[in-house]
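A quick write-up on the structure given underneath.
Remember, predicted model here, so these are calculated numbers, not experimental data.
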Amino acid sequence: MVSLNVVQTLTRRREEDDTEHEAPDQQRRRVETNPCAPAIAQRVIAAVPGRKPRLMDYDTEAQDIIVHAVPFFKLMISGEYAYPDALRERVWAKQAWAQATHKLQVLLAPDIGALQVIEQYAWNLRSELKTAAKSYVQGVFGFKTGTSSAVMAHNRDLANALLKDSSFTYQNRGGPEEQPSGLYEAEILQMVINRVYYKGTKDDGVILRQFYTPFPLPALALVISAIQCAIDKWSTGQWNGVQFREIEYKPIYDRHIKALKKFRDNSIKILQFDIVRDICSTISTEGWCVSLRRRSQPGVFE
């Protein structure tokens, strides 16, 4: 994917240029025993065994870097792969830190805890998408509350119909004598994406617009997976607390990526047109327009 390649290239260049552009006050922060090594992120709250590192554990300078690093890290989760292994996750956190320090013109190295704070946003992004999907699924598809046998039968049948062949991803799910149409153009996809990536001025699709245009295919697969999880919550007839856990939904996410790529490749082969790229371009354009409309409304943004 373009996003990670760009970030990796920029990171390498910035690592080479860091010492050349270092300000005098930053030079004084270098470790005295090694003038070529940057200072390390400083904790203001000591590590506690068994507790994950937190943003507040660090001084204001390190906190600022972490805050600026998180969107770059989430970009790699969105643009490359949503369930990286521990090694890849650590590499991406380091690259995100390098991007942030260059942007802020600060020469400061992360400790392991600071990288772990950044890495927690892989889970955070998946959780955001799950919450957004959950908030829309009932209203969009018509699941009903209640415990009567008729209501529960309705919900089970509806969940099964939506999950069959991923029909919830179609703009028009069709009917007994009508074929579904508009694959990957269901309105709920855009709704969830707008809420997570384009809701506020500090959301990722806004501040890193160039990397989210067109909207990344892996991110679309993750959105689809989150919506599927929200539908699964109704599969027993009543809403239940199905968790968006990696062990269950990573294979589902992988299947959605595979299906998206197959649809893309077939459209190019048969129609000489990349339908998936066109869909993703429409998503990013609509998301940006939504953010602009909201930005013009007083009190909408923080």
Side-chain angles (χ1 to χ4, degrees), residues 78 82-83 123-199 203 215 217-260 262-263 275-276 279-280 282-283 286-287 290 293-294 300:
S78 296
Y83 296 97
W123 173 88
N124 180 272
L125 175 61
R126 296 193 295 265
S127 180
E128 279 188 90
L129 288 168
K130 178 201 73 174
T131 300
K134 172 188 168 185
S135 71
Y136 290 129
V137 157
Q138 182 177 6
V140 168
F141 295 120
F143 288 103
K144 299 178 180 180
T145 57
T147 58
S148 70
S149 58
V151 166
M152 295 182 68
H154 164 83
N155 289 338
R156 284 194 299 268
D157 291 345
L158 178 57
N160 289 335
L162 291 170
L163 294 172
K164 184 179 180 181
D165 300 324
S166 298
S167 72
F168 67 90
T169 62
Y170 285 89
Q171 185 178 49
N172 177 10
R173 299 198 302 275
E177 299 181 0
E178 182 184 7
Q179 290 295 316
S181 60
L183 181 59
Y184 302 123
E185 296 180 60
E187 184 181 7
I188 193 171
L189 298 176
Q190 186 77 59
M191 293 167 69
V192 172
I193 289 167
N194 288 350
R195 179 160 171 176
V196 174
Y197 289 93
Y198 295 99
K199 182 174 68 173
D203 281 324
F215 192 74
L217 183 152
L220 179 56
L222 185 59
V223 170
I224 294 169
S225 302
I227 295 171
Q228 180 167 335
C229 176
I231 294 171
D232 285 339
K233 291 176 180 287
W234 291 93
S235 60
T236 63
Q238 287 181 292
W239 184 89
N240 62 86
V242 175
Q243 300 299 310
F244 194 34
R245 296 190 303 180
E246 179 174 349
I247 191 169
E248 286 96 1
Y249 285 92
K250 179 176 178 290
I252 291 171
Y253 167 77
D254 289 338
R255 289 199 294 271
H256 286 307
I257 284 187
K258 184 177 179 180
L260 278 161
K262 181 178 180 180
F263 184 54
I275 293 178
V276 172
I279 290 170
C280 290
T282 300
I283 287 172
E286 176 60 23
V290 166
R293 288 196 295 270
R294 289 176 173 172
V300 170

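Side chain of Ser235 to main chain of Asp232: a donor-acceptor pair is present (N/O by atom type, distance under 3.5 Å, no hydrogens or angles). Under a 3.5 Å cut-off, the side chain of Tyr253 and the backbone N or O of Ala82 do form a donor-acceptor pair.
Between Val196 and Leu125, the closest side-chain pair of non-hydrogen atoms falls below 4.5 Å. Looking at Tyr197 and Val290, their side chains never come closer than 4.5 Å, going by heavy atoms from C-beta outward. Contact check for Val242 versus Cys229: side-chain heavy atoms found under the 4.5 Å cut-off. A heavy-atom distance below 4.5 Å is not found between the side chains of Phe215 and Leu189. Side-chain atoms of Cys280 and Val276, non-hydrogen and from C-beta on, do get closer than 4.5 Å to each other.
Taking every heavy atom of both residues into account, Ala133 and Ala226 meet most closely at CB-O, 3.7 Å. Among all heavy-atom pairs drawn from Thr145 and Val151, the shortest one is O-CG1, 3.8 Å.
Here the straight-line distance linking atom CD1 of Ile193 with atom CG of Leu222 works out to 10.0 Å at 0.5 Å rounding. Leu163 CG to Trp234 CH2: the interatomic distance, rounded to the nearest 0.5 Å, is 13.5 Å. Note that CD of Gln190 is 8.0 Å distant from OH of Tyr198, once rounded to the nearest 0.5 Å. Annotation: the span from Lys130 atom NZ to Gln243 atom CD amounts to 5.0 Å, rounded to 0.5 Å.
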Let me have the donor-acceptor pairs involving side chains of residues 177-185, under 3.5 Å, with sequence neighbours excluded, atom names and distances please.
{"from": "Glu178", "atom 1": "OE2", "to": "Asn172", "atom 2": "ND2", "distance (Å)": "2.7"}

Could you tabulate the donor-acceptor pairs under 3.5 Å formed by side-chain atoms of residues 136-144, not counting sequence neighbours?
{"from": "Gln138", "atom 1": "NE2", "to": "Phe143", "atom 2": "O", "distance (Å)": "3.4"}

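Listed by first and then second residue, the salt bridge (Lys or Arg N to Asp or Glu O under 4.0 Å) pairs involving residues 236-247 are Arg245-Glu248 (not counting sequence neighbours). For residues 153-169, no pair satisfies side-chain hydrogen bond (donor to acceptor under 3.5 Å, both in side chains), with sequence neighbours left out.
Every residue meeting the salt bridge (charged side-chain N to carboxylate O under 4.0 Å, His left out) condition with Lys250, not counting sequence neighbours, appears here in chain and number order: Asp254. Take Thr236 and apply the side-chain hydrogen bond (donor to acceptor under 3.5 Å, both in side chains) test, not counting sequence neighbours, and it matches Asn240.
Between Glu286 and Arg293 there is a salt bridge, since a side-chain N of the basic residue sits under 4.0 Å from a carboxylate O of the acidic one.
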